[in-house]
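Numbered from 1 within each chain, the chains take letters A, B, ... in sequence-line order. None of the values given here were measured: they were computed from a predicted structure.
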Number of protein chains: 2
Amino acid sequence: MVTIREVAKAAGVSVATASRALNGLSIVTAETRAKIEAAAAELNYVPHSGARSLTRRKTDAIGVILPDLFGEFFSEMIRGIDMAVHGAGKHLLLGNMHGSTEETVLAIKSMRGRVDGLLVMPPNSRAESLGDAATWQIPTVLLNAQPQNGDIPFVSVDNYSGARMVTEHLIDRGARKIVHISGPASNRDASERMQGYRDVLRERLSDTHPIILPGNFREDAGRNAAQLLLNRDFEFDAVFAANDMMAVDLMAELTRAGVRVGHDVLVAGFDDIPLARYISPQLTTVHSDITRLGSSAAMMLLRLLNGEALGADAGITISPTLAVRASTTGASA
Amino acid sequence: MVTIREVAKAAGVSVATASRALNGLSIVTAETRAKIEAAAAELNYVPHSGARSLTRRKTDAIGVILPDLFGEFFSEMIRGIDMAVHGAGKHLLLGNMHGSTEETVLAIKSMRGRVDGLLVMPPNSRAESLGDAATWQIPTVLLNAQPQNGDIPFVSVDNYSGARMVTEHLIDRGARKIVHISGPASNRDASERMQGYRDVLRERLSDTHPIILPGNFREDAGRNAAQLLLNRDFEFDAVFAANDMMAVDLMAELTRAGVRVGHDVLVAGFDDIPLARYISPQLTTVHSDITRLGSSAAMMLLRLLNGEALGADAGITISPTLAVRASTTGASA
DNA sequence: TTGAAAGCGCTACCAG
DNA sequence: CTGGTAGCGCTTTCAA
């Protein structure tokens, strides 16, 4: 591992000068610089970013902590983040996540000294259980979560109104017995979506009870729900799944059982993952522009790191839109 | 930012002792340790991993450099890598990629001092154009690429035999005029797949010429190819796309135009991305287990970092299998 | 068992 | 414009 010291020696200058030349600081004679660059090239010198960040107190990396890496939701998110971050010439450090709050806290801690800022998507609804921003001591933007103690910037989706939109839409399409497949109980997105569903039902279908099947945002929950619905001979004419992943597998299962989705039963999801357009019938869903969610959060963090004090817009709530497709209209593919 | 020095002072010990206690080195009295831990907790001390890696010459992070972040191929890959790496308690540093060889070289360089090892997926066929392993000076495993100068370990898929399998299968299913949609010209996977197609055609359908449409592994290429095929009134009864992404969009476009995929035209892809099973008809494709590809490479790197000299198995070539589905059998969904 | 001190590789300050 | 030098925060000999 050749260090800057060896380059300096080879070029016959001090390390200070070598450093300046290599970093493009203009206060170096053209010929000194040439000598240094030649030596660096000769020795195949590559700067040690770790050491550099220690002195500069700046790592040019930002950390991303996600609860999972499964499915298109997260990959789209990462892609969005990368888009914003790449423009700023920074690296992306993916934290070890896999779930629990404790692990997340650990992941956050292990990021200190490695990154300049953090993008954190809490595994469950209580962001503050991660310890508050003051504890982390590092600029942070929350992904898809709102801090109780409103002092951490965040970017999130308006789950509640999104859920309302789908539910209203299903009713408009004639559905009267709408089943909801929920997300994990502790998940904030999930509970907001459920609340939207409940409220619309109460307002517009006051004579019926909500029917809620437990889910977990994973595909198997979709399949299980389908089985449940099929076996129990439930009365239902529409299903609103708390996310697309579950909706997609639910649909597949229903179709397999001979149910004509879009006609016999309407199905809708939430998130608008790419897959939603590819399946047949295409899935009606709430379009949240996940990629943009990621890049917005990243840009916000970038501004934060730039010293900008983002006042009013320290919290962005993205309003989703309804993407109406064949799974609720019965239009032919 | 509280440092270990402050913790030591608060506990009334030297930084050396503090360091030892905090790192669980047993050569510390129980009571000294208690004092130190109390102080650390009190001050909310979090170790600075950057500084630590400088002295220990070990970062506990591995770098991943991919040419792109688009589509399920890469996300599955990252997921596979993460699975292996998480077990080892290491972080994942995603390099800035977005394409060109120069950018990739830069990305690799900027990883020095940040990571202990590298997983690199070269943007094009010539891995050695990245400068050889000796230049990087850092343990590296190549993803989905074989080095010319055989001294860098790698994990790759046997594209050639995979392509042969699909092509044979299409012929077995009765296809006689098989169109191939290729990947990027400079891409090694792409050219190997094309070669497999060519060879089988020559061997078994010597009276027909290969028909090759240019592609780029992106969905738009699939759509474009479909248009081309439809407009030109080509003679064709099967399409083998160099990856699933293109196959999927091609299929969608054909279906929209009234072509019955699986009957009028057989379609097959390569990779077996999750999406392949969800579309209708399900896509026949070459199953490469991308996730495993990623985790194998990561585990290989981990062993390398562990000082193990992986002799014979310094290069793994994963043999793909054929996943026959409705897009080439016409079986009902 | 503990402390002092020498770095890890680099940047930045202060003189010259 | 260039060189010496003091750290960045931490680990790790080497003595005590």
Value in whole Å for how far the [atom2] atom of [N] lies from [atom1] of [X]:
{"X": "B:L22", "N": "D:dG9", "atom1": "CG", "atom2": "C1'", "answer": "13 Å"}
{"X": "B:I4", "N": "D:dG7", "atom1": "CD1", "atom2": "P", "answer": "19 Å"}
{"X": "B:H48", "N": "C:dC8", "atom1": "NE2", "atom2": "P", "answer": "18 Å"}
{"X": "A:K35", "N": "D:dC1", "atom1": "NZ", "atom2": "P", "answer": "15 Å"}
{"X": "B:M1", "N": "D:dC10", "atom1": "CE", "atom2": "P", "answer": "11 Å"}
{"X": "B:L43", "N": "D:dG9", "atom1": "CG", "atom2": "C1'", "answer": "15 Å"}
{"X": "A:R57", "N": "D:dA6", "atom1": "CZ", "atom2": "C1'", "answer": "14 Å"}
{"X": "A:I27", "N": "C:dT11", "atom1": "CD1", "atom2": "C1'", "answer": "12 Å"}

Look at all strands and tell whether B:S19 reaches a base, only sugar-phosphate, or nothing, counting heavy atoms closer than 4.0 Å.
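Base contact - B:S19 has a heavy atom under 4.0 Å of at least one base atom.
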
Look at all strands and tell whether B:T32 reaches a base, only sugar-phosphate, or nothing, counting heavy atoms closer than 4.0 Å.
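B:T32: backbone/sugar contact only, no base atoms under 4.0 Å.
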
Look at the side chain of B:R20 against the base of C:dG3 and say whether a donor-acceptor pair falls under 3.5 Å; ignore hydrogens and angles.
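Check passes, donor-acceptor contact within cut-off.
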
What's the closest nucleotide to the A:R56 side chain, out of C:dT11, D:dT12, D:dG9?
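The answer is C:dT11.
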
Specify the residues of residues 8-16 of chain B, ordered by number, for which at least one heavy atom lies under 4.0 angstrom from an atom of DNA chain D.
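By residue number: B:A16.
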
The helix from C:dT1-D:dA16 to C:dG16-D:dC1: angle between end helix axes, five pairs per end, rounded to 10 degrees
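End-to-end axis angle for the helix from C:dT1-D:dA16 to C:dG16-D:dC1: 40°, rounded to 10°.
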
Mark yes when over 12 heavy atoms from residues, nucleotides or ligands other than A:E308 sit less than 6.0 Å from its CD; otherwise mark no.
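Correct, the count exceeds 12.
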
Take atom NZ in A:K9; do more than 12 heavy atoms of anything else shown fall under 6.0 Å from it?
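Check fails, neighbour count at 12 or below.
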
Does the side chain of [X] get closer than 4.0 angstrom to OP1 or OP2 of [N] through an N or O atom?
{"X": "A:R52", "N": "D:dC8", "result": "no"}
{"X": "B:R33", "N": "C:dT1", "result": "no"}
{"X": "B:T29", "N": "C:dT2", "result": "yes"}

Toward the 5' end of DNA chain C, by each residue's nearest nucleotide, A:T17 or A:L54
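Of the two residues, A:L54 wins.
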
Please give me the minimum heavy-atom distance between B:F217 and B:G183, naming the atom from each residue.
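So the minimum-distance heavy-atom pair works out to CE2-CA, 3.6 Å.
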
With distance as the sole criterion, is a donor-acceptor pair present between the side chains of A:T59 and A:D116 under 3.5 Å?
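Side-chain D/A pair, A:T59 to A:D116: present.
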
Flag for B:H91-A:S110: side-chain donor and acceptor within less than 3.5 Å:
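Judged by distance alone, the side chains do pair up.
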
Take B:I81 and B:L143 through the side chain to side chain contact (heavy atoms under 4.5 Å, CB included) test and state the conclusion after the steps.
CA-CA 11 Å; B:I81 295 173; B:L143 277 172; 4.2 Å; yes

Pick one: which of B:R52, B:R114, B:K90 meets salt bridge (Lys or Arg N to Asp or Glu O under 4.0 Å) with B:D60?
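Result: among B:R52, B:R114, B:K90, B:K90 is the only option passing the salt bridge (Lys or Arg N to Asp or Glu O under 4.0 Å) with B:D60.
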
B:E37 side chain vs B:A34 backbone, donor-acceptor pair below 3.5 Å
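Such a contact is absent between B:E37 side chain and B:A34 backbone.
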
Criterion side-chain contact (heavy atoms from CB on, under 4.5 Å) against B:V155, the qualifying member of B:T317, B:L301, B:L293:
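Among B:T317, B:L301, B:L293, the one that satisfies the side-chain contact (heavy atoms from CB on, under 4.5 Å) with B:V155 is B:L293.
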
First locate atom CD1 of A:I152, then atom CG of A:L304, and finally report the distance between them rounded to the nearest 0.5 Å.
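A:I152 CD1 to A:L304 CG: 11.0 Å, rounded to 0.5 Å.
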
